[in-house]
Structure formats: C-alpha cells, structure tokens
Amino acid sequence: MKATGIVRRIDDLGRVVIPKEIRRTMRIREGDPLEIYTAADGEVIFKKYSAIGELSELAHQYAEVLNRATELPVLITDRDHVIAVAGAPKRELADRRVSEELETLMTDRGNYTASPDIPPLYPITGYEKEAALAFSIIGSGDVSGAVVLILREDGSMPTPEEKKLIQVAASFLGKQMEE
C-alpha cells in the first residue's frame, strides 16, 4: 500500500471525501460502487467494486468458448480492467487497464463494429491490436464491462455470425449480473 500524504476528516454524517486527484487517477466516477475492507490493525481500505469480477470464473469459461468458436482472441473487461482473456497471452493482458476509447464506449452504452469507414478501436492501453467487435455488458440498467473480439491478423472484418456471438455473450453476462 502506498501513502498519499493526504488527510481527510470524517464529517458528522460519517462521510469522507476522496480527493479529486485520486478519483481521477483511479477512474472513480460519481455513483461507482466501492467495497470496504477492514484489517485487524485498524486499516480501512476502499476498493472499486467490480460486479463482473465476481463472475470471473464464468467470464474465463465464456471467453474460452468464444475463442474456440471464432478462432479469434477474446477479452472480457469490467469498466476498468481486463477480467478474462482467451486466445491471447494471459500474462500480458490480464488485469491491464482498458483504453479511454473503450471506457467511453461503455459509458455511452455503445457497441463497436470494425469497418474501413470508421477509426479503429484499441481496447487496451498500450496494446496494439484493434478490436473487431466490442459490446457493452449491461445488467440491471448498469454498464459493468465489455466483451471484445480482436481483429484478425489479415484485417478482415467481422462476420455477422461473430457479431451475433459477441452480442449474445454481452447479453448473457449482463443477465448473470442481475441474478
């Protein structure tokens, strides 16, 4: 754990303000859920809650199945990080931060289909592979992540069948979030 040197007082309602710099750095937005942990030595730790992270085993299995069906790399993300990887180096991509473009797509509840007419979407910060498809995972009205299919090496566009598979995957994971 890293000390920031910032000290805040708790107000009479038990609230504490997380400084803007920390919220910006950690990508904590208004309304984001935070999980609270305590330690025996008196520490109180706030951690961004990832509902899709709760389904990480299911997300890994679903990514593997999609990878086998499409023979393309698959990423499943929460709103900030990669949760599951199949068909690409897991050590290199697991827990990597999503790009600002993918984060914006999720915030807008959008979907992305690669096309020669539109700019490419790079789903992970510092990862040079383009997305073929990206669908937001929406459950109980909230965006909790995205399912991303990486573009083929030859640059060929995604098929309608692949688009439907990714759409179904995002819908299925969103439904799991509701239960």
Side-chain angles (χ1 to χ4, degrees), residues 26-29 31-33 47-179:
M26 302 305 295
R27 292 182 173 179
I28 297 171
R29 295 167 292 277
D32 280 355
K47 183 177 177 189
K48 284 184 72 172
Y49 176 73
S50 170
I52 198 85
E54 299 285 323
L55 299 175
S56 66
E57 187 58 39
L58 178 65
H60 285 287
Q61 291 172 356
Y62 213 117
E64 290 289 337
V65 169
L66 284 172
N67 173 251
R68 278 189 234 125
T70 62
E71 298 180 352
L72 292 171
V74 177
L75 308 172
I76 298 177
T77 74
D78 64 12
R79 292 196 54 173
D80 297 301
H81 296 92
V82 176
I83 299 298
V85 179
K90 287 181 177 88
R91 283 192 179 135
E92 179 184 339
L93 299 176
D95 295 323
R96 290 273 300 271
R97 197 161 219 158
V98 300
S99 67
E100 288 186 25
E101 294 83 8
L102 182 58
E103 188 178 355
T104 300
L105 183 85
M106 289 186 280
T107 300
D108 295 342
R109 300 169 173 266
N111 302 312
Y112 172 84
T113 302
S115 165
D117 307 337
I118 57 174
L121 171 71
Y122 295 96
I124 301 172
T125 303
Y127 185 58
E128 298 302 316
K129 306 266 183 179
E130 297 176 32
L133 296 160
F135 274 74
S136 297
I137 299 169
I138 302 172
S140 299
D142 295 323
V143 176
S144 54
V147 180
V148 180
L149 193 67
I150 301 299
L151 198 63
R152 289 180 177 77
E153 292 292 330
D154 66 6
S156 59
M157 295 297 119
T159 66
E161 293 80 14
E162 291 164 342
K163 185 174 182 179
K164 197 62 166 172
L165 281 171
I166 297 302
Q167 186 176 15
V168 167
S171 295
F172 174 79
L173 290 169
K175 191 69 174 164
Q176 296 302 304
M177 304 301 300
E178 295 173 3
E179 295 176 4

Salt bridge (charged side-chain N to carboxylate O under 4.0 Å, His left out) against [X], all qualifying residues, sequence neighbours excluded:
X	answer
E161	none
K90	E64
R96	none

Compile the donor-acceptor pairs under 3.5 Å between side chains in residues 98-105 and protein atoms, sequence neighbours left out, one pair per line.
unit_1	atom_1	unit_2	atom_2	d
S99	OG	E101	OE1	3.3
S99	OG	L102	N	3.1
S99	OG	Y122	O	2.6
S99	OG	P123	O	3.4
E103	OE1	R27	NE	3.3
E103	OE1	R27	NH1	3.1
E103	OE2	R29	NH1	2.6
T104	OG1	E100	O	2.9

Can L72 and I150 be said to form a side chain to side chain contact (heavy atoms under 4.5 Å, CB included), step by step?
CA-CA 6 Å; L72 292 171; I150 301 299; 5.8 Å; no
Distance, nearest 0.5 Å, that separates [atom1] of [X] from [atom2] of [Y]:
X	Y	atom1	atom2	value
M157	L151	CE	CG	5.0 Å
I137	T77	CD1	OG1	6.0 Å
Y127	T125	OH	OG1	13.0 Å
S140	K175	OG	NZ	8.5 Å
I76	L58	CD1	CG	8.0 Å

Do you know which two heavy atoms are closest between [X] and [Y], and how far apart they sit?
X	Y	result
I124	V82	CD1-CG2, 3.6 Å
L66	A169	CD1-CB, 3.6 Å
V148	A134	CG2-CB, 4.1 Å
P158	A114	CD-O, 4.1 Å
A59	I83	CB-CG2, 4.4 Å

Could you list the residues that satisfy side-chain hydrogen bond (donor to acceptor under 3.5 Å, both in side chains) with D80, not counting sequence neighbours?
K48
With sequence neighbours left out, which residue pairs that include part of residues 59-85 fulfil the ring pair (Phe, Tyr, Trp, His ring centres under 6.0 Å) condition?
Y62-F172
With sequence neighbours left out, which residue pairs that include part of residues 144-167 fulfil the ring pair (Phe, Tyr, Trp, His ring centres under 6.0 Å) condition?
none
Checking L165 against T70 for the side chain to side chain contact (heavy atoms under 4.5 Å, CB included) test, could you report, in this order, the C-alpha distance in whole Å, the side-chain angles of both residues, the deciding distance, and whether it holds?
CA-CA 9 Å; L165 281 171; T70 62; 3.9 Å; yes
I'd like to know if the side chain of [X] and the backbone of [Y] have a donor-acceptor N/O pair within less than 3.5 Å.
X	Y	value
S136	A146	no
D108	G110	no
N67	V74	no

The complete set of side-chain hydrogen bond (donor to acceptor under 3.5 Å, both in side chains) pairs with one or both residues in residues 109-119, sequence neighbours excluded, reads none
Which pairs with one or both residues in residues 127-152 pass salt bridge (charged side-chain N to carboxylate O under 4.0 Å, His left out), sequence neighbours excluded?
K129-E153, R152-E162
